[in-house]
Every structure is written in C-alpha cells, then in structure tokens.
There are 2 protein chains.
Amino acid sequence: MNNLLANIKIAINENLFVKDPNSSDLGKKIIHHSVIMIEEIGFEAFTFRKLGQKIDSPEASIYRYFESKNQLLAYLISWYWGWMEYRLVFETANIASAEKRLEKSIAIISNEMKENMIVDDISIKKLHRIVICESSKSYLTKDVDKANKEGAYLNYKQFVSRIVLIIKEINSGYKYPNMLLSTIIEGAHLQVFFAEHLPRLTNVQKTEDYVAKFYTELALKAIKK
Amino acid sequence: MNNLLANIKIAINENLFVKDPNSSDLGKKIIHHSVIMIEEIGFEAFTFRKLGQKIDSPEASIYRYFESKNQLLAYLISWYWGWMEYRLVFETANIASAEKRLEKSIAIISNEMKENMIVDDISIKKLHRIVICESSKSYLTKDVDKANKEGAYLNYKQFVSRIVLIIKEINSGYKYPNMLLSTIIEGAHLQVFFAEHLPRLTNVQKTEDYVAKFYTELALKAIKK
DNA sequence: ACATAATCAATAGTATTACTATTAAATTTG
DNA sequence: CAAATTTAATAGTAATACTATTGATTATGT
C-alpha cells in the first residue's frame with residue numbers, strides 16, 4: 001500500500017487556502033511542521049508565530065497561504081478525509097460481501113495505523129491524533145454555515161456517503177445510515193481519547209482493536225432486520 | 001425518595017470556581033448572563049470583558065469568581081450534569097422495568113425540554129444548547145488530565161454510571177456499557193447540531209423525538225443477548 | 001536581452017484578547 | 001468604634017490573531 005499511495009495528491013477545496021501550500025517549498029514546510037506542532041502542543045496553544053519560529057519564516061508569510069489558523073486546521077482535516085477516502089476505496093475494492101466491506105470500513109475509521117506513513121509531507125499518525133482531538137472544533141463554531149458553504153466539510157461528507165452506500169447494500173430499508181455513521185466516526189475518535197484520559201467513560205479492553213469490534217457489532221445489529 | 005429531592009441546589013466541585021457564584025448577587029448575575037451570552041455568540045467570541053459590560057461590572061470582578069472563561073464553562077457544564085442526574089433520578093424513580101428506565105434515560109438525554117425552565121438563575125434550554133455546541137471543548141484540551149484530577153467531570157461520570165447500572169440490569173454480561181453510553185450521549189448532541197447545520201451527516205425525520213428513538217433502538221439491540 | 005508585471009516574503013506594525021497587580025471602598029468582627 | 005477582612009474597581013501587562021506596506025525575487029512578453 002505504501003508504494004501505491006505514497007505520492008497521490010489529495011484534492012482540497014480552493015476555499016481552504018489562500019495559496020496552495022503544495023505549490024512551494026515554504027507551503028510544504030508550513031503543512032509539515034503545523035501537523036507536528038498542533039499534535040504536540042494542541043490547537044489552542046498553536047500560533048502562526050510559533051510555527052514561523054520553527055520553520056524560520058516570519059509569521060506574516062504563513063498568512064500568504066492560510067488566512068487564519070482555523071483555515072489551516074480545516075485544510076488539514078479536509079486532507080485527512082480525502083486521504084481516508086483513498087484508503088477506503090483501495091482497501092475495500094476486492095471484497096465482495098457488503099458486510100465485510102462495512103467491517104473493513106469501521107476498522108479503517110477506528111484503528112490507528114501501525115507504520116508511520118508520510119504522504120505529502122504529512123505524518124498520517126500525527127494527523128490522525130489531531131483529527132481525534134481537534135476536528136470537532138472545526139465544525140462546532142458559529143462559522144459552521146459559512147465554512148460549510150465554502151466546502152470545508154465536502155471530503156468528510158463524501159467519505160460518509162461512500163459507507164452509507166455499503167449500509168444500504170446490506171439493508172436498503174434502514175432509515176438512519178448517515179446518523180449511524182456519524183455516530184460511529186465521532187464515537188470512535190472519542191473512545192480513543194477517553195481511553196487515554198477519562199477511562200470511566202469507556203471500557204478499555206485488552207485487545208488492540210476493541211473499538212472497531214464494538215462499533216462493528218453495534219452497526220451490524222442496528223442495520224439487520 | 002433520596003437526598004436529590006431535598007436538595008434543589010446542584011453541588012459543584014470547589015475547584016470549578018474561585019468564589020461560589022451562588023454566594024452573592026454579582027455571582028448570580030455572572031452565571032445568569034454568561035449562559036445567555038455563550039448561547040448567543042458562542043464560547044470563542046465570549047469574553048469576560050463583554051460579560052462585564054452586559055452586567056455593568058468590570059472585567060476584573062468576574063475573575064474573583066472564575067479564574068478563566070474555561071473554568072466558567074466547566075462550572076456550567078458540571079452544573080448541567082448535576083441537574084440532569086437530578087432529573088434522571090426523579091423521572092425514572094417509579095418505573096419497574098429496566099428497559100423502560102433506559103428508554104426514559106435516553107429520552108432525557110436526547111430531547112429538548114419543552115418549557116423553558118429557570119433553575120438557579122440558569123436557563124435550562126440555553127444551557128442545553130451550550131452543552132451541545134461547547135461541552136466537547138471542555139475536555140478536548142491539553143489540560144484534560146489536570147481538569148479531571150480537579151473533579152471537573154465528576155458530575156458527568158456520575159450521570160453516566162447511573163445509566164450504566166440500568167444497562168447491567170438488562171444484561172449483566174454486556175461488555176461495553178460505558179462505551180455505549182458515552183457514544184449515545186455525545187452522539188445525541190451531535191445529531192442535533194448536524195440536523196441544523198450539516199444535514200447530510202444525519203437523517204432528519206418528521207417526528208420530534210427521532211434522535212431518542214434511533215439511540216433507544218441502537219442501545220436495546222446492542223445490549224440484548 | 002531587458003523592461004514590465006506579477007509574485008514573493010519580511011518588517012513593523014494594530015487591535016483584541018486573557019489575565020493580573022494594586023488600591024480603594026465596603027463590610028464584618030472584636 | 002477601631003482593626004481586620006472582604007469586596008469590587010482601576011489600570012494596567014503580556015500575548016494573541018491578524019494586517020498594511022515595502023522591498024526583493026521571479027516570471028513574462030517583445
């Protein structure tokens with residue numbers, strides 16, 4: 001998989017940047033180091049000034065690429081879902097059974113990647129941790145409608161709708177496929193966070209993939225007639 | 001029935017305020033207007049300066065009650081879960097069937113209150129909307145472990161554990177009661193938000209209580225052997 | 001080749017924010 | 001009624017997000 005996907009470019013809506021960060025060395029440095037920095041110190045403490053110091057460029061230069069740190073976060077999260085869609089399509093391509101494809105999908109959502117891949121200067125592992133901790137902040141805002149109009153969540157919605165199709169294959173009459181899916185995705189992220197910080201809100205198990213198992217069981221029982 | 005009935009005052013951990021806002025008129029004004037203001041303009045835009053202007057008190061006076069706006073948010077959310085526990089105990093008290101009690105619990109979590117109640121100067125309806133949009137920000141922080149040690153999430157955990165007991169009554173062998181519950185609670189909040197702003201991530205239905213219905217069905221199917 | 005246009009990053013800001021040090025006033029206590 | 005304590009107000013600081021402007025670099029057209 002590494003070889004197949006390593007140099008694929010993820011399409012990002014043009015409203016999510018001022019200048020395409022993939023078009024210059026500075027842009028790539030901004031992406032590369034912002035992922036490292038946000039994962040390390042959190043989005044609240046992350047500032048363009050600190051990032052500028054890290055990459056030895058002035059704060060203002062970063063504003064040539066992103067008009068705010070919120071836009072940068074939206075870019076990264078959109079990239080994440082673009083990347084996840086690629087993975088989804090690839091890894092479910094040759095599975096005939098819809099149930100097995102759903103199972104695989106939930107595993108992709110829930111499980112951390114074992115090897116640390118770098119794609120487009122982005123550390124997948126670190127970006128996954130950013131999505132867990134910070135992604136809800138990108139839509140739980142008063143600007144959500146504006147951001148939505150500008151296409152900030154398109155990649156996320158597209159990812160969701162792909163798996164919704166699988167659910168409909170299993171049971172075309174099921175009334176809540178989108179609800180079920182957004183519940184699973186946001187829930188899976190939450191459980192990882194709770195396991196680490198608020199264990200009384202989850203049920204940590206010995207097996208590595210218990211989150212995926214829980215949500216797979218939940219989904220299949222819910223969907224079946 | 002129990003001590004909750006006698007005590008209408010919700011108990012809040014002492015680490016969640018500098019001075020008890022219930023101990024003075026200014027404190028009560030801070031609580032009352034902060035709920036109104038956060039619901040209206042969102043937690044990001046909310047500042048102690050704006051609140052001070054609204055209640056005609058200087059910004060610094062508010063710092064006598066809360067050391068930061070994050071602490072104030074933590075206080076409000078903790079109050080919410082204290083209040084929700086009170087409701088839970090009260091409204092499930094005379095229901096014999098564990099399944100019916102679970103159903104009622106999920107309804108309490110999911111459904112908006114019809115009448116707008118004011119308790120301890122707090123608008124329940126507005127606070128519910130704050131919890132939907134802002135509560136995840138109070139734990140998705142780098143300070144989560146510190147806040148947890150100081151008891152910021154005690155009321156939430158206590159609320160969860162009460163319903164976990166109901167689930168165990170239904171099926172004592174079920175392995176994931178806490179996971180299921182935190183999934184339902186956070187999911188129910190999310191679906192309300194998505195229905196309003198990102199409808200492609202949910203499945204809006206005509207009935208008022210479809211969120212409760214979805215999660216009740218999900219829960220019962222998951223729990224049953 | 002060379003003038004023109006476009007793009008680039010750097011400097012030096014501004015406005016706003018969260019938060020604090022200090023003091024004056026009010027209240028309580030002995 | 002004087003001393004001690006609690007109260008809120010003033011006037012800040014430091015850090016933040018973000019911007020206006022300029023000079024340097026690169027690309028383009030004839």
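Below, chains carry the letters A, B, ... as their sequence lines are ordered, and counting in each starts from 1.
Rounded to an integer number of Å, the gap from Lys69(B) NZ to dA15(D) P is 19 Å. Straight-line distance from the CD1 atom of Ile30(B) to the P atom of dT7(D): 12 Å, rounded to whole Å. Between the CZ atom of Phe48(B) and the C1' atom of dT20(C) there is a distance of 13 Å, rounded to whole Å. Taking atom CD of Glu44(B) as the reference point, atom C1' of dT16(C) lies 15 Å away to the nearest angstrom. Summarising the geometry, the separation between CG on Asp25(A) and P on dT7(C) is reported as 19 Å, rounded to the nearest angstrom. Whole-Å rounding puts the Leu51(B) CG to dA8(D) C1' distance at 15 Å. Rounded to an integer number of Å, the gap from Ile62(B) CD1 to dA8(D) C1' is 11 Å. For the pair Gln53(A) CD and dA17(D) P, the computed distance is 12 Å after rounding to whole Å.
When the side-chain hydrogen bond (donor to acceptor under 3.5 Å, both in side chains) test is applied to Tyr153(B), no partner is found at least two apart in sequence or on another chain. Taking the side chain to side chain contact (heavy atoms under 4.5 Å, CB included) definition, one finds that Glu208(B) meets it with Lys114(B), sequence neighbours left out. By the side-chain hydrogen bond (donor to acceptor under 3.5 Å, both in side chains) test, Tyr75(B) pairs with no residue at all, sequence neighbours left out. Listed by chain and number, the residues in a side chain to side chain contact (heavy atoms under 4.5 Å, CB included) with Gln158(A) are Glu85(A) (sequence neighbours excluded). Among residues two or more places apart in sequence or in another chain, the side-chain hydrogen bond (donor to acceptor under 3.5 Å, both in side chains) test is passed with Asp209(A) by none.
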Considering only nitrogen or oxygen atoms on both sides, find all protein atoms under 3.5 Å from nucleotides 10-15 of chain C and state each distance.
residue, atom, partner, partner atom, Å
dA10(C), OP2, Ser61(A), OG, 3.0
dA10(C), N6, Arg64(A), NH2, 2.8

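In this structure, the helix from dA9(C)-dT22(D) to dG30(C)-dC1(D) shows an angle of 10° between the axis at its start and the axis at its end, each fitted on 5 base pairs and rounded to 10°.
Tyr63(B) has no side-chain polar atom (N or O) that falls below the 4.0 Å cut-off from OP1 or OP2 of dA9(D). At dT7(D), none of the side-chain N or O atoms of Tyr65(B) fall inside 4.0 Å of OP1 or OP2 (strictly under the cut-off). Phosphate contact (OP1/OP2 of dC8(C), side-chain N/O of Lys19(A), threshold under 4.0 Å): present.
The aromatic ring centres of Tyr86(B) and Trp83(B) sit less than 6.0 Å apart.
Residue contacts shown for Phe66(B) are absent, as no nucleic acid heavy atom lies under 4.0 Å away.
Residue pairs meeting the salt bridge (charged side-chain N to carboxylate O under 4.0 Å, His left out) criterion with at least one partner in residues 14-38 of chain A, sequence neighbours excluded, are absent. Every pair tested for ring-ring contact (aromatic ring centres under 6.0 Å, His included) that includes a residue from residues 21-43 of chain B fails, sequence neighbours excluded, so the list is empty.
Note on ring orientation: taking the six-membered ring where Trp is involved, the planes of Phe193(A) and Tyr139(B) are tilted (angle from 30° to 60°).
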